[in-house]
Amino acid sequence: MDGMKLALISDIHANHQALVACLEHAHAQGATRVAFLGDLVGYGGEPTAVLELVMQHVQAGAWAVQGNHDALAVSPPAQVTHVGAQGAQWTHDQLSPAQRNFLHDLPLTHQAGQVLLVHASADGPHRWHYVDNSAAAERSMSAATQLDANIRYVFSGHVHEQALYFLTPTAKLMRFAPQPGVPVPVPPYRQWLAIVGSCGQPRDGDTRAMYALFDEMAFTLTFHRVAYDHEAAARAVRATPMPPEFAQRLQEGR
C-alpha cells in the first residue's frame with residue numbers, strides 16, 4: 001500500500017443509486033482506491049448496471065471479493081429455501097457471461113499488507129459466518145492473524161450495520177459503535193475488525209447508504225452515511241419479479 005485512502009464498500013445488492021452516491025462521496029473525501037467487500041448483487045433491481053460500474057473500477061485498480069449473493073447469482077439454487085435465494089435466478093438471467101465469470105472468479109479474501117478484506121468472516125470465509133457479536137469477531141481476527149501475523153485490519157461486510165471491534169493491550173475484545181463522519185483513530189499496534197455496513201440495503205432504520213474510509217497515513221477509519229434516491233432504487237426493484245418486500249426494505253431502511 002502507498003499511503004492510500006481506501007473506500008470500503010460492501011453489500012451493494014444491485015442498488016445502482018446507492019453505489020453511485022457512495023462512490024461520489026468517497027472521491028469527494030479524497031479516496032484513492034476502492035475496495036468492494038462482496039454482495040455486489042442480490043435483492044436489488046439493477047445488477048447489470050452495478051456490475052458494469054464495479055468492473056470498470058476493478059479494471060482501474062479497485063479490489064473486490066466475493067459475497068454469498070454473488071455466488072448465488074452464479075449458481076442459483078434449484079429450490080429456494082431462504083429469503084436470500086429469492087431472485088437469484090432472475091439476477092443470474094440478467095447478467096452477461098462476462099459478468100457471471102467476473103463474479104465466479106472473485107476471491108474470497110484479498111490481503112494488502114496489514115489489511116485483509118473478506119465479505120463475512122476470515123474464519124472459514126466460504127461458510128459466510130455473520131460477525132455480529134464479540135465472539136464471532138474474535139474468531140475472525142484470530143483466523144486473520146493465523147493467516148498472516150502482520151494483519152492488523154480486517155474489513156468486512158455481510159452484517160448490514162456498522163461496527164468496530166478491537167483488541168486492548170490485555171487482549172480483551174472491545175466493541176465500538178462509530179458515529180457517522182467522525183474519524184476513529186485505529187493505530188496499527190492494535191488489531192482491528194470493522195464491519196463497514198451495507199451500501200445498498202441498510203437495515204438499521206436509516207435509509208442512507210453506508211461505507212467507510214480508511215486513511216492509511218493518518219491511521220483513521222471514518223464510517224459514513226450517504227443520502228441517495230432510495231425511492232428510485234425501490235421502484236427499480238418493483239419493476240422486477242422479485243418480492244415487493246425487497247423494495248419496502250429500501251424505503252424503511254430495514
Side-chain angles (χ1 to χ4, degrees), residues 1-11 22 26 29-38 63-65 67 107-199 202-204 206 210-225:
M1 297 190 297
D2 51 3
M4 65 183 174
K5 287 186 177 181
L6 178 64
L8 300 151
I9 300 177
S10 189
D11 296 88
C22 284
Q29 298 296 313
T32 57
R33 189 185 289 270
V34 179
F36 299 103
L37 304 186
W63 299 323
V65 297
L108 291 173
T109 64
H110 177 84
Q111 184 179 352
Q114 295 181 307
V115 169
L116 181 70
L117 310 176
V118 60
H119 176 64
S121 175
D123 174 29
H126 61 290
R127 297 189 178 96
W128 314 118
H129 297 308
Y130 285 93
V131 181
D132 54 5
N133 58 65
S134 295
E138 192 163 12
R139 287 192 294 270
S140 185
M141 295 165 84
S142 177
T145 53
Q146 290 175 24
L147 178 67
D148 186 336
N150 293 318
I151 293 173
R152 311 310 296 163
Y153 305 96
V154 180
F155 295 134
S156 307
H158 202 37
V159 180
H160 287 216
E161 297 185 15
Q162 295 177 321
L164 181 63
Y165 299 86
F166 64 95
L167 286 172
T168 69
T170 59
K172 181 180 180 181
L173 189 71
M174 301 293 290
R175 187 183 190 276
F176 178 77
Q179 297 301 309
V182 179
V184 181
V186 287
Y189 58 79
R190 290 182 178 169
Q191 188 180 5
W192 304 85
L193 184 149
I195 308 297
V196 305
S198 175
C199 166
R203 293 182 185 168
D204 62 349
D206 186 335
M210 307 177 189
Y211 83 98
L213 186 67
F214 174 57
D215 188 327
E216 187 200 18
M217 290 294 289
F219 293 116
T220 60
L221 184 64
T222 307
F223 294 79
H224 290 289
R225 301 302 297 262

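Reckoned from all heavy atoms, side chains included, excluding hydrogens, waters and symmetry mates.
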Give a yes or no answer on whether the side chain of S156 reaches the backbone of I195 with a donor-acceptor pair at less than 3.5 Å. no
Pair R203 + D11, salt bridge at N-O below 4.0 Å: no
To the nearest 0.5 angstrom, please state how far the CG atom of L116 sits from the CG atom of N150. 12.5 Å
What is the distance from atom OG1 of T109 to atom CG of L117, rounded to the nearest 0.5 Å? 8.5 Å
If you define the side chain from C-beta out and look only at heavy atoms, does anything of H224 sit under 4.5 Å from Q29? yes
Any sub-3.5 Å donor-acceptor pair from W63's side-chain atoms to Q111's backbone N or O? no
Between the side chain of S140 and the main-chain N/O of A122, is any donor-acceptor distance below 3.5 Å? yes
Rounded at 0.5 Å granularity, tell me how far CG in D123 sits from CG in L147. 12.0 Å
pair R152-F219: side-chain heavy atoms closer than 4.5 Å: no
If I take atom CZ from residue R225 and atom CG from residue D204, how far apart are they, to the nearest 0.5 angstrom? 4.5 Å
Spell out, as yes or no, whether a donor-acceptor pair under 3.5 Å connects the side chain of E138 to the backbone of L173. no
May I have the step-by-step check of side-chain contact (heavy atoms from CB on, under 4.5 Å) for V154 and V118, ending in yes or no? CA-CA 7 Å; V154 180; V118 60; 4.0 Å; yes
Side chain of H119, backbone of L37: donor and acceptor closer than 3.5 Å? yes
Apply the test side-chain contact (heavy atoms from CB on, under 4.5 Å) to residues L8 and F223: give CA-CA distance (whole Å), side-chain angles for both, the deciding distance (0.1 Å), then the verdict. CA-CA 9 Å; L8 300 151; F223 294 79; over 6 Å; no
Would L167 and R190 count as a side-chain contact (heavy atoms from CB on, under 4.5 Å) if you check the C-alpha gap in whole Å, the side-chain angles of each, and the deciding distance to 0.1 Å? CA-CA 6 Å; L167 286 172; R190 290 182 178 169; 5.8 Å; no
Flag the pair Y130 / H158 as yes when at least one side-chain heavy-atom distance between them is below 4.5 Å, and no otherwise. yes
R33 and side-chain contact (heavy atoms from CB on, under 4.5 Å): which partner among E216, K5, M4? M4
Where A7 and A31 come nearest, the two heavy atoms and their spacing: CB-CB, 4.1 Å
Would you find a donor on one side and an acceptor on the other, under 3.5 Å apart, between the side chain of Y153 and the backbone of V186? yes
CA sep, side-chain torsions, deciding dist, call: L221, W192, side-chain contact (heavy atoms from CB on, under 4.5 Å): CA-CA 10 Å; L221 184 64; W192 304 85; over 6 Å; no
When you measure from the side chain of S10 to the backbone of V196, do you find a donor-acceptor pair of N or O atoms at a distance under 3.5 Å? no
